[in-house]
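No hydrogens, no waters, no symmetry mates; every other heavy atom, side chains included, goes into these values. Both ligands and their constituent atoms are indexed starting at 1 by order of listing.
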Amino acid sequence: MLPTLAAVLRAPCGPVSVETISIPEPGRGEVLLRIEACGLCHADLLVAGMQKLPMAPLVLGHEGIGRIEALGPGVDGWRAGDRVGLTFLAATCGQCEYCRTGRERFCPWQSNMGFSRHGLMAERAVAPVQYMVRVPDELPAAEMAPLCCAGWSAWSAICETGLEAGQRVALFGMGGLGHLAVQYARERGLRVVAIDVSESKLRLARRLGAELTLPAEDAGRTLLKQFGGVDAAVVLTSSADAIRESFRALKRGGTLVLTGLSNARPELPLFETILKGITVRGHYLGTHEQLEQVFQLAARGIGRPQVETYPLSETPRMMERLRRGELVGRAVAVMET
Ligand SMILES: [Zn+2]
Ligand SMILES: [Zn+2]
C-alpha cells in the first residue's frame with residue numbers, strides 16, 4: 001500500500017476531507033502516477049451526494065494530468081516519466097457491442113475514476129492504462145486537466161449536433177463545459193448564441209467568440225423571434241429551466257443535445273417534438289478519438305479553459321463554491337509535490 005494525500009469522501013453523502021490515505025500498488029495493466037493537477041467537476045458533487053456508492057472511503061476526481069512513476073505488470077507502450085491525461089472512464093470490458101463499436105463509454109462493465117475506484121484528486125493515484133491519453137510536456141497541467149472531462153464532453157457534444165459551418169447553435173450554461181463549448185463551436189465555424197443567468201459568465205462567452213449572449217429567462221422565445229429558432233441547442237447545465245428554454249429555441253428539424261446531469265424530469269411536449277421533427281440526444285463523454293482531438297486542438301490554442309487554481313487542501317471549500325455556482329470557468333487543484 002502507498003500513502004498519498006487525497007480529497008476523500010469518507011461515506012455516502014458524508015463530508016469531503018483532505019487526508020492521507022493508502023492506495024494499492026499498481027496491478028496488471030495499471031500504473032502509479034504522480035498527479036500534477038486535477039479539475040473539480042460538477043459530477044464530483046453528484047458523487048459526493050449519492051445515497052449509495054460502489055466504494056467508500058473514496059478518493060474523488062476524474063479529470064487529471066500526471067506523470068507515470070511506476071508500471072504494474074503487463075503494461076506495454078508506456079514508460080516511467082510519460083505525461084498522461086486521465087478521465088472518468090478508467091477501464092471497460094473491451095468485448096461487448098459498445099466496446100467493439102467505439103462507444104466504450106456505454107460499456108455495462110466499465111469502471112470509473114473517482115466513483116467505482118479511487119480518483120485523481122490526490123498527489124498520487126493508480127489507474128489502468130486502457131484509456132490514458134498522451135499529453136505534450138509544453139501544455140500547462142492546470143489548463144489541461146479540465147480537458148479530460150469538461151473539454152472532452154464539450155467537444156463531443158458540439159460534434160453530436162451534426163451541424164455544419166455557418167449554422168446556428170444555442171449553448172445553454174456557460175460554466176466549466178459551456179465556456180469550452182463556445183470555443184469548439186467557433187472552431188467548427190458555427191454561429192454561437194451563449195445563454196446563462198450570470199452576466200460575468202456571458203462576458204467571458206463574448207470574449208471567447210459568442211456572436212450573441214442572452215440572459216436565461218425567456219431565451220427560447222427570444223431566439224424564435226429573432227432568428228426563427230436555432231439549428232441545434234446544447235444544454236451544458238443541469239437546470240430544468242434551461243432544458244425547457246432550449247427546446248423552445250429550436251427551429252423545425254432542430255437537434256437538442258443534453259449533457260448536464262441532474263435529477264430533473266423535464267416534460268417532452270409531444271406536439272412540438274413530432275410536428276417540428278425534433279431530435280433529442282442524450283450525450284455522455286465522447287470517443288477516444290475525440291479525447292485525442294481535444295489535446296490536438298489545445299496544442300493549437302483552441303479550447304483553452306479559464307481556470308481558477310487552488311491547493312489540494314482547499315478542495316472542500318471549492319466544492320462548496322462550485323455548488324453555489326460561484327466559479328467562473330473551471331476550478332483546478334494543483335498538487336504541490
Ligand atoms: Zn466530470
Ligand atoms: Zn464493454
Please note down the angle at the Zn ion (ligand 1) between SG of Cys41 and SG of Cys149, to the nearest 10°.
->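 Once rounded, the angle between the two atoms at the Zn ion (ligand 1) is 130°.
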
Rounded to the nearest 0.5 Å, what separation is found between the CD atom of Glu138 and the CZ atom of Arg83?
->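 That separation rounds to 8.5 Å.
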
Looking at CE of Met318 and CG of Leu327, how far apart are the two atoms once the value is rounded to the nearest 0.5 Å?
->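 Going from the CE atom of Met318 to the CG atom of Leu327 covers 5.0 Å.
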
Angle subtended at the Zn ion (ligand 2) by Cys96 SG and Cys107 SG, rounded to 10 degrees =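 Rounded to 10°, it measures 110°.
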
Is the Zn ion (ligand 1) under 2.8 Å from any N, O or S atom of His42?
->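 For His42, the answer is no, given that no N, O or S atom comes within less than 2.8 Å of the Zn ion (ligand 1).
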
Side-chain touch Asn112/His62, heavy atoms, less than 4.5 angstrom =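 A side-chain contact is absent here, since even the closest heavy-atom pair is not under 4.5 Å.
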
Test Asp137 against Arg67 for salt bridge (charged side-chain N to carboxylate O under 4.0 Å, His left out), laying out the working first.
-> CA-CA 10 Å; Asp137 280 345; Arg67 258 181 218 283; 3.2 Å; yes

